[in-house]
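See below for the structure under consideration.
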Amino acid sequence: MVSVNPFAEFRDACETALQDVLSRLFPNVFISVRLDLPPNPEFGELASSVCFEIGKQTGKKPLVVAKKIVEALDVSKIPLVQDVTAAGGGYVNFHANLAEFSRLTIESIRASGKKYGYVKVDKPIKIIVEHTSVNPIHPIHIGQARNPMLGDAIARTLKARGHKVFRHYYIDDVGRQSAVIAYGYEKLGKPKPEGKPDHFIGVIYTITSCLTEIHRLKKVIKNAREHSAAEEVSRLQRELNDWMSVAVDLEAKYAQLFDKLAEEISKDEDPESKIAHLIREYEAGEENVKSLIREISQLCIGGFKETLGNAGISFDSWDWESSFVWNSDVKKVLSKLKTTPYVMHVGQVLEFDADKVARDLDLKQAFGVKEDYEIPSLTLARADGTTLYTTRDIPYTIWKFQKAERVINVIGMEQPLAQLQLKLALCALGHIDYAKNLTHFAYNLVRLPGFRMESRKGRYITLDKVMDEAVRRAYEEVSKRSPRLSEEEKRKISNFVGIGALKYALVEVDPNKPVVFTWDRVLDFEKNSAPYIQYSHARAGSIMRKAAREPKSADYVLLKERLEHDIILMLARFPEVFIEAADNLKPNLIADFANALADKFNTFYNAHSVLKAKPPQLSDARLALVEATKIVLSNALNLLGIKAPERM
RNA sequence: GGGCCCGUAGCCUAGUCCGGAUUAAGGCACCGGCCUUCGGAGCCGGAGACCGUGGGUUCAAGUCCCACCGGGCCCGCCA
């Protein structure tokens, strides 16, 4: 007999037995039993604290209740349970039949192999995971790098859970930022990229932003001196100074591009109006602007695909935001919204009253908003008729829901308001179900010590650079530790070690928590890192190669060591950890689990011999345990997109 | 002004959703051991935390509730 979820077998058996006894002994007490993991193996493998509650309701001492329960519980017919005891102030502790439990766990893992732990849902659905979606105007930088890592891990995990998963990249080519880069790129005469195309475009974008912002701010300040308060003027002045210092840096680093752009832009009386013009033309689908912006976007996307490919991340669909403008989906949505009571003109601007929708349809609670919080309205269209980001996101989201039942957007946590407004717009259009199945998976941007990364100001470290550095450092480690490997071997190993370390570091931390970027933090090759787990996996593989046999004579009764039991328990619990990680979108649970298992395994490795253990039935049992551990480590790493190597 | 997120040893993190066991779990850095027979990217030991503060709920609070403090973010005809 094998099981897809050995620990759940044990848990279910205990819960049923306990529930049964409770309804017999205390028919008037209604309480749901929920078994916990005890803090210490002395207390068994599962424990219940129901007696405290029963004690309160019946006026009896919890320990007395526990003893009564234990007396009435006949576990002799439950193969996985060895014993039940009353302990502490009133706990009921279930002790597993470890011989049987070990056999079930190890055999189940060896039988299921690569599928072990990936418990399937009963009703799989289609899920779109939209992630990364970095604007095609600059390279992916490390500030955004949690996005692809988390998004990919979530997609892998949901797929392993049995869902039909589609990975989408939203190419945001319509906004103001695209017009800015188009303006600069054209001024330079559409130059051929030097180096990686997205990096090249990123530089032009930053210089163009910088020059146009300085131009704009100077005008605004001049105006403000006459009309606004001194406080406002000095705020603007500080902003200008910041851009001026950006300009100094840029000119020093990219003298030629900077000077040429500065010269060209200075010929325009009003760059802002040129940029606004480009936005209008692009939305209208004017051919020249169309090919210009598409050309730039393609350059960047080529770079993105290379970067993400190096990280082992791919997409099923690349969705152009502009296509929803040009095929008039945006227009249709807007006109439909206008027929609702929630849209009105404020001056020339089209506004959406998100708060009114929430109140009318009584949605505040459902979306986790306080009743008395007034949701700000959303601007749908500028005075010149062009649209804004969230507006275009409405038809895009509807399109996604025509392909899937659930949509998960991996987006930075600075955008919860926009996501809420989007949901309310969907509701206003009658798509309440879409709104409820739309998940904003928020993550905190990676920061640099002292300040946040800003693409517009060129203050960022590219993901490419970090990955290169990761691989370079890994190469140093490999050369130091295994100098005799061939050059090719070293390159291969340093690649998966370096990338693995980076991925692990970005996925390991709770996405809500801020991460401050330091090289040491992100490139860790010691304990609590991907390389540590990979190393443990390779070690297990090494033992199996040396053994070169099937553990046919394994006798699991002989696995009596505490460390062996600890490992078996962890192996058995992997399916439950997986389910929790998948259903609650918590890939960091997988990372934690893999590290804890590797840790246990290394302790075991040092304490007990596998190949030289006597008798052979014990040696084989340990060998089977090693194999099971290797499988689970590999399956866990696989969910994070981290390679589990045979050697390193 | 309103809203969201975070606060656990010198530093970084787990545990908080769903409250349970007189030792709050790891890592980095630090100190002392182990070239160990299957790989030292390792193992063993030591030291280091009144879980931001103050109240409250409970038989039981790092975990739930309230207030406050500190840090980050959002409230744009940017995305």
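Numbers restart at 1 for each chain; the letters A, B, ... are given by sequence-line order, proteins then strands. What you see is a predicted model, and the numbers here were worked out from it, not measured in a lab.
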Gap between atoms OH and C1', on A/Tyr373 and B/C5 respectively (whole Å): 14 Å
Counting only Watson-Crick pairs (N1-N3 plus N6-O4 or O6-N4) and G-U wobbles (N1-O2, O6-N3), all under 3.5 Å, who is the partner of B/G10? B/C28
When all nucleic acid strands are considered with a 4.0 Å heavy-atom cut-off, which category describes A/Ala538: base, sugar-phosphate, or nothing? base
Report which part of the nucleic acid A/Tyr389 touches: base, sugar-phosphate, or nothing (heavy-atom distance under 4.0 Å, all strands). base
Pairwise C1' distance for B/U8 and B/A24, with rounding to whole Å: 9 Å
Between B/U36 and B/G42 - C1' atom distance, rounded Å: 11 Å
Check the phosphate of B/C43 against A/Tyr605, side-chain N and O only, distance under 4.0 Å to OP1 or OP2. Yes or no? no
Check the surroundings of atom CD in A/Glu371: do more than 12 heavy atoms from other residues, nucleotides or ligands lie under 6.0 Å from it? yes
What contact category does A/Pro39 fall into here, base, sugar-phosphate, or nothing, at under 4.0 angstrom with non-hydrogen atoms? base
Whether A/Phe43 stacks on the six-membered ring of B/A21 base, 5.5 Å and 30° limits: yes
Using atom OH of A/Tyr504 as one end and atom P of B/U13 as the other, report the distance to the nearest whole Å. 13 Å
Send over the distance from A/Asn528 CG to B/U13 P, rounded to a whole Å. 11 Å
Is there a Watson-Crick or G-U wobble partner for B/U37 with both distances under 3.5 Å, and which nucleotide is it? none
Please confirm whether the shortest side-chain N or O distance from A/Arg452 to OP1 or OP2 of B/C74 is below 4.0 Å. yes
Could you check how far CG of A/Asp510 sits from P of B/A25, rounded to whole Å? 21 Å
Now, which nucleotide makes the Watson-Crick or G-U wobble pair with B/A67, with each of the two distances under 3.5 Å? B/U53
Take atom P in B/G54 and the same atom in B/G15, then report the distance between them in whole Å. 25 Å
Once you apply a heavy-atom cut-off of 4.0 Å, does A/Arg176 come out as touching a base, just sugar-phosphate, or nothing? sugar-phosphate
Can you see if the side chain of A/Arg382 gets near the phosphate of B/C78 - specifically, an N or O under 4.0 Å from OP1 or OP2? yes
Contact class for A/Arg647 vs. all strands (heavy atom < 4.0 Å): base, sugar-phosphate, or nothing? base
Taking atom P in both B/C44 and B/C28, compute the distance separating them and give it to the nearest angstrom. 12 Å
Describe the nucleic acid contact of A/Gln415 in one word from base, sugar-phosphate, nothing, applying a heavy-atom distance below 4.0 Å. base
Is it the case that B/A21 (base atoms only) and A/Asn93 (side chain only) share a donor and an acceptor within less than 3.5 Å, ignoring hydrogens and angles? yes
Sorted by position of nearest nucleotide on RNA chain B, 5' first, the leading residue of A/Asp372 and A/Arg34 is A/Asp372
Once you apply a heavy-atom cut-off of 4.0 Å, does A/Met648 come out as touching a base, just sugar-phosphate, or nothing? base
Sort out the partner of B/G1 for me: Watson-Crick or G-U wobble, both distances under 3.5 Å, none otherwise. B/C75
Given that A/Ser49 and A/Glu321 both sit by RNA chain B, which one's nearest nucleotide is further toward the 5' end? A/Ser49
Classify A/Ala607 by what it touches in the nucleic acid, base, sugar-phosphate, or nothing, heavy-atom distance under 4.0 Å. nothing
Round to a whole Å and report the spacing from CG of A/Leu63 to P of B/A21. 16 Å
Please report the distance, rounded to the nearest Å, between CG in A/Leu422 and P in B/C78. 18 Å
